[in-house]
Amino acid sequence: MAPSPTGLLHIGNVRTALFNWLFARHEGGEFKLRIENTDTSREVAEAVDQIQASLRWLGLDWDGAHTFQLDRMDDCRRVADQLVAEGKAYEDEGAIRFRMPDEGSTGWDDVVRGRVEVPNETIEDLVLVRSDGRPTYNFASPMEDVWDGITHVIRGEDHISNTPKQIQIIRAIGAELPVYAHVPNVAGADGKKLSKRHGAVTVEEFRKDGYLPEALVNFLALLGWAPDGETTIMAREELVARFDLARVSPSPAQFDYAKLDWMNGMYMRALPAAEFAHRLVIWLGENGYDWDAELVAKAAPLVQEKIARLAEFPAFAGFLFGDVAPDAAELDGGGAMLAAAADRLAGLEPFTAETIEAALRAEAETLELKPRQAFQPVRVAVTGSRVSPGLFESIELLGREATLSRLRAAAAAAAA
RNA sequence: GCCCCCAUCGACUAGCGGUCCAGGUCGCGGCCCUUUCAAGGCCGUAGCACGGGUUCGAAUCCCGUUGGGGGCACCA
């Protein structure tokens with residue numbers, strides 16, 4: 001994988017990186033991380049650390065230390081001089097340009113696209129070394145592929161037009177060509193390049209939105225690849241075991257956030273309760289919520305089946321961690337039920353979901369209310385919302401004291 | 001303008017000449033379950049871009065059209 005250190009990792013690049021990683025792990029090869037920093041003017045200081053943090057979070061581990069393209073500046077310079085000496089390149093206003101052939105064509109067998117052939121007359125003499133001595137990407141990149149013994153170059157389809165240029169350079173120095181595979185782009189719902197206006201695009205944003213890395217990886221793997229058309233949920237090991245570069249589709253895929261949400265929900269529900277609670281605690285901590293970890297752990301089982309992303313937790317279970325402000329209009333004339341519920345719960349022993357449910361159902365019957373009519377005002381009063389985790393479990397967790405004060409305040413508001 | 005790439009339900013895809021009046025998943029609609037919301041179960045909706053070939057036979061092969069994407073930097 002060869003990102004340029006210009007900012008946060010884009011999800012489209014991650015998908016490409018994932019294909020590289022899956023391929024390398026499946027084949028028992030190595031996955032290398034190279035930072036392409038020959039454009040010093042666009043470099044962002046923290047980018048390298050951020051890129052590595054994102055890859056680690058996703059579990060895409062690379063082999064050996066990461067390398068910097070600019071470190072090969074002198075080596076590139078030497079090769080360029082050699083090419084000039086051989087007449088294969090020439091100086092041009094302080095820069096060095098490669099002499100592209102004018103006739104014939106340059107082609108390769110792309111693993112995902114098949115044979116690609118480009119007429120040489122459409123390829124310009126490209127700059128190898130800038131007038132300030134720094135090599136360009138199109139020169140340094142193939143050179144590094146050769147020096148690092150890269151066997152497979154798996155990259156985005158935007159590099160297709162660079163490939164014949166890089167092939168010509170590698171041929172000029174008499175080295176062996178790597179295998180090329182150009183994977184399709186990832187587009188937004190409108191078919192255009194995935195960008196901010198479509199939603200989250202950087203790994204950090206997905207993390208902040210509460211997606212699980214294993215769900216994101218599973219989803220991304222299916223963007224342009226499928227093992228058989230039937231299997232959808234696949235753990236990391238299964239993805240590695242079944243991944244096949246040749247089965248990657250050549251047509252671009254649209255990023256479907258709704259399907260990602262569904263898949264993330266599947267992964268969250270499949271987590272052991274303790275692990276789910278742990279993830280919640282971590283996420284809350286990373287996102288500025290200073291909530292009691294023990295209470296979070298107790299609330300976790302109540303929400304595990306009901307939310308699709310960790311970030312939904314605060315809105316859904318926040319009533320356990322702070323005051324609520326129910327909308328009087330939503331109490332829906334439940335004054336009698338609210339007051340009676342408070343009375344019933346006041347002396348209830350033990351105070352458990354089971355006994356709470358029995359008490360409230362008994363009251364509903366007394367008042368001749370349907371469950372829905374009876375419980376909804378109570379839910380609004382206690383949780384501050386018409387949508388919440390299970391009512392009785394929520395009340396038990398909230399505790400008698402807070403529940404009674406909320407019920408009484410709401411009863412008063414409903415009566416007013 | 002030139003070069004390259006792509007084309008199956010709204011989306012992701014299976015399909016690599018007959019077993020496809022096209023299968024799976026998401027979404028969407030309906031029903032069931034139900035204290036809300038979800039989850040879960042059942043049922044349903046919807047597609048081979050178009051036109052020519054090749055062939056006994058085409059979603060599958062070839063050509064063209066149309067549509068979409070990418071690239072034409074001393075960016076990567």
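Lettering follows sequence order; numbering is per chain, from 1.
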With sugar-phosphate meaning primed atoms plus P, OP1 and OP2, does [X] contact a base, only sugar-phosphate, or nothing at under 4.0 Å between heavy atoms?
{"X": "A:Arg386", "value": "base"}
{"X": "A:Lys370", "value": "nothing"}
{"X": "A:Asn162", "value": "base"}
{"X": "A:Ala258", "value": "sugar-phosphate"}
{"X": "A:Arg34", "value": "nothing"}
{"X": "A:Pro164", "value": "nothing"}
{"X": "A:Thr38", "value": "sugar-phosphate"}

Heavy-atom closest pair, residues A:Phe319 and A:Val382: CD1-O, 4.0 Å
Please measure how far the [atom1] atom in [N] lies from the corresponding atom in [M], and state the result in whole Å.
{"N": "B:C63", "M": "B:G68", "atom1": "P", "result": "22 Å"}
{"N": "B:G64", "M": "B:U54", "atom1": "C1'", "result": "15 Å"}
{"N": "B:G67", "M": "B:C50", "atom1": "C1'", "result": "10 Å"}
{"N": "B:G44", "M": "B:C56", "atom1": "P", "result": "39 Å"}

Quiz item: A:Ser131 side-chain donor-acceptor pair to B:C74 base, under 3.5 Å: yes
Determine whether any donor atom in the side chain of A:Lys306 lies under 3.5 Å from an acceptor atom in the base of B:U36, or the reverse, and answer yes or no. yes
Which label fits A:Tyr257 and A:Phe255: parallel for a plane angle under 30°, tilted from 30 to 60°, or perpendicular past 60°? tilted
Using 30° and 60° as the class limits, which term best fits the ring planes of A:Phe243 and A:Trp225: parallel, tilted or perpendicular? tilted
Side-chain N or O of [X] closer than 4.0 Å to phosphate OP1/OP2 of [N]:
{"X": "A:Arg115", "N": "B:C4", "result": "no"}
{"X": "A:Arg269", "N": "B:G40", "result": "yes"}
{"X": "A:Arg113", "N": "B:G70", "result": "no"}
{"X": "A:Lys193", "N": "B:G70", "result": "no"}
{"X": "A:Ser249", "N": "B:C12", "result": "no"}
{"X": "A:Arg134", "N": "B:C74", "result": "no"}
{"X": "A:Arg130", "N": "B:C75", "result": "yes"}

Going by purine N1 to pyrimidine N3 plus the second Watson-Crick contact, or the G-U wobble pair, all under 3.5 Å, which nucleotide sits opposite [N]?
{"N": "B:A7", "result": "B:U66"}
{"N": "B:C2", "result": "B:G71"}
{"N": "B:G44", "result": "B:C28"}

Is it true that [X] and [Y] have a side-chain N and a carboxylate O under 4.0 angstrom from each other?
{"X": "A:Arg25", "Y": "A:Glu237", "result": "no"}
{"X": "A:Asp132", "Y": "A:Arg130", "result": "no"}
{"X": "A:Asp148", "Y": "A:Arg72", "result": "yes"}
{"X": "A:Lys208", "Y": "A:Glu204", "result": "no"}

Would you tell me whether A:Ser251 and A:Ser249 have side-chain atoms, one donor and one acceptor, within less than 3.5 Å of each other? yes
Could you give the [atom1]-to-[atom2] distance, from [X] to [N], as a whole number of Å?
{"X": "A:Glu312", "N": "B:A38", "atom1": "CD", "atom2": "P", "result": "11 Å"}
{"X": "A:Phe139", "N": "B:A76", "atom1": "CZ", "atom2": "C1'", "result": "16 Å"}
{"X": "A:Phe255", "N": "B:C12", "atom1": "CZ", "atom2": "P", "result": "12 Å"}
{"X": "A:Leu126", "N": "B:A76", "atom1": "CG", "atom2": "P", "result": "11 Å"}
{"X": "A:Asp261", "N": "B:C12", "atom1": "CG", "atom2": "C1'", "result": "15 Å"}
{"X": "A:Asp244", "N": "B:U13", "atom1": "CG", "atom2": "P", "result": "15 Å"}
{"X": "A:Glu230", "N": "B:U25", "atom1": "CD", "atom2": "P", "result": "8 Å"}
{"X": "A:Ile395", "N": "B:U36", "atom1": "CD1", "atom2": "P", "result": "15 Å"}

Looking at B:G70 and A:His182: do their rings stack (centroid distance under 5.5 Å, interplanar angle under 30°)? no
Of the nucleotides B:C3, B:A76, B:A14, which has the atom closest to the A:Ala226 side chain? B:A14
Show me the protein contacts with nucleotides 33-35 of chain B, counting only N or O atoms at under 3.5 Å.
from	atom 1	to	atom 2	distance (Å)
B:U35	OP1	A:Arg361	NH2	2.8
B:U35	O2'	A:Arg379	NH2	3.1
B:U35	O2	A:Arg379	NH2	2.4

Aromatic ring proximity, centroids under 6.0 angstrom, A:Phe23 and A:Phe31: no
Taking the six-membered ring for Trp, are A:Tyr137 and A:His159 closer than 6.0 Å centroid to centroid? yes
